[in-house]
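Please read the structure below before turning to the comments.
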Amino acid sequence: MSAVFHGIEADVRRVWGALRFIDAMSGHTIDSPLRVDLPGARLQRNRSGFFVVTALDDAANLETRRDYENAFDPIPAAPALFLPGTVSDPAGRYLPRRFTLALPRSPLPAAPSETAPLFEAATIILDPTTATALLPTWAALRLSVRRAGAPAAQAAIRVHRTGSEAVLGRGLTDARGEALVAVVGVAQVTPGAEELVVETEIAVDIVVSADTTLPPGALVDPDLLAARPLGAGLSRLIVPRNLASGRIEVMTLTLP
């Protein structure tokens with residue numbers, strides 16, 4: 001009796017990381033088609049909807065990059081890279097934006113109970129267009145944002161509960177300066193303070209931030225813009241408002 005053995009060629013390499021695009025309203029991974037442009041990186045989408053960075057086109061550090069991709073224990077050092085990219089939705093359900101992917105991802109967790117960034121996808125949140133459907137119980141804002149008499153495109157919007165830094169809702173203006181912000185999870189009835197038995201509204205601050213140096217048609221990273229300290233090139237407006245479950249507030253805001 002004779003046996004025939006067939007060898008299977010294996011190609012095992014370390015990936016650099018992955019991108020996970022999140023729906024701002026639901027918090028779920030977006031599994032519909034997206035256009036992702038990340039110059040300097042090769043991307044492959046997996047079955048979970050993540051865009052995996054399988055390789056880098058970094059000619060200046062070719063040998064170091066190959067060592068990192070082909071070695072596992074110990075993990076070799078690799079030069080820090082910051083890759084700027086853009087993402088857009090062919091179906092027009094999400095607004096386009098910029099983002100930056102920092103590589104390599106750390107193999108060490110920030111705390112013992114956390115997962116190391118190397119084993120988690122970098123999350124990029126996409127904001128909805130104004131045509132997105134709302135659930136009846138959601139509090140929502142329909143905003144028209146203007147500056148210097150013109151629509152303020154690519155303005156980042158964050159809704160905070162008054163006195164808190166926690167973000168209750170977020171949005172981004174389109175080319176017309178219009179934005180939809182859903183504040184999910186506002187209770188229909190909450191325990192009241194002092195003589196009130198119940199409260200049907202919550203007090204919030206609407207924070208609108210715009211880059212005044214942005215060329216027409218250019219994109220921003222809304223997360224960096226919203227967190228940017230006030231200074232040259234930044235216009236910011238803070239508007240107090242009361243929100244209630246199931247109520248849509250329509251507002252026109254003018255940036256300074």
[X] vs [Y] side-chain heavy atoms within contact, under 4.5 Å:
X	Y	value
Glu249	Leu143	no
Leu141	Leu243	yes
Ile206	Ile157	yes
Val204	Pro240	no
Leu237	Pro256	yes
Val53	Gln44	no
Ser209	Arg228	no
Leu81	Leu56	yes

What's the verdict on side-chain contact (heavy atoms from CB on, under 4.5 Å) for Leu219 and Arg97, showing C-alpha distance, side-chain angles and the deciding distance? CA-CA 5 Å; Leu219 301 178; Arg97 59 163 290 177; 5.7 Å; no
Roughly how far, to the nearest 0.5 Å, is the [atom2] atom of [Y] from the [atom1] atom of [X]?
X	Y	atom1	atom2	result
Thr252	Glu178	OG1	CD	8.5 Å
Phe21	Leu34	CZ	CG	6.5 Å
His160	Leu168	NE2	CG	8.5 Å
Phe99	Asp221	CZ	CG	9.5 Å
Glu165	Asp205	CD	CG	9.5 Å
Arg45	Leu19	CZ	CG	10.5 Å

[X] side chain vs [Y] backbone, donor-acceptor pair below 3.5 Å:
X	Y	result
Arg161	Ser164	no
Thr137	Gly246	no
Thr173	Ala155	yes

Using the rule that Ile, Leu, Val, Met, Phe, Trp and Tyr join whenever any side-chain heavy atoms are under 4.5 Å apart, tell me whether [X] and [Y] fall into a single cluster.
X	Y	result
Val145	Val159	yes
Leu103	Phe51	yes
Val181	Val239	yes
Ile124	Ile30	yes
Val220	Val207	no

Using every non-hydrogen atom in the two residues, find where [X] and [Y] come nearest and quote the distance to one decimal.
X	Y	value
Asp211	Leu225	N-CD1, 4.0 Å
Leu255	Ser235	CB-OG, 3.5 Å
Gly233	Thr213	CA-CG2, 4.0 Å
Pro128	Met25	CG-CE, 3.5 Å
Ala182	Leu134	CB-CD2, 4.1 Å
Pro84	Pro39	O-CD, 3.5 Å

Would Ile22 and His28 count as a side-chain contact (heavy atoms from CB on, under 4.5 Å) here? Give the steps. CA-CA 6 Å; Ile22 302 293; His28 296 159; over 6 Å; no
Donor-acceptor side-chain pairing of [X] and [Y] below 3.5 angstrom:
X	Y	value
Arg93	Ser32	yes
Arg20	Thr123	no
Thr130	Arg176	yes

For side-chain contact (heavy atoms from CB on, under 4.5 Å), just list the numbers for Asn242 and Ile202, CA-CA rounded to whole Å, side-chain angles, deciding distance to a tenth of an Å, and then say yes or no. CA-CA 5 Å; Asn242 289 335; Ile202 62 168; over 6 Å; no
Could you walk me through whether Thr86 and Arg98 pass the side-chain hydrogen bond (donor to acceptor under 3.5 Å, both in side chains) test, one step at a time? CA-CA 4 Å; Thr86 60; Arg98 293 180 60 83; over 6 Å; no
Intermediate values then yes/no, side-chain contact (heavy atoms from CB on, under 4.5 Å), Leu43 and Val36: CA-CA 9 Å; Leu43 299 174; Val36 182; 3.7 Å; yes
What's the verdict on salt bridge (charged side-chain N to carboxylate O under 4.0 Å, His left out) for Arg42 and Asp57, showing C-alpha distance, side-chain angles and the deciding distance? CA-CA 8 Å; Arg42 302 177 195 176; Asp57 299 319; 2.9 Å; yes
Side chain to side chain donor-acceptor pair (under 3.5 Å) partner of Tyr94, the single match among Asp89, Thr129, Asp23: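 It is Asp23, the one option of Asp89, Thr129, Asp23 that forms the side chain to side chain donor-acceptor pair (under 3.5 Å) with Tyr94.
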Verdict with supporting geometry, Arg158 and Asp223, salt bridge (charged side-chain N to carboxylate O under 4.0 Å, His left out): CA-CA 10 Å; Arg158 297 293 182 269; Asp223 297 305; 3.1 Å; yes
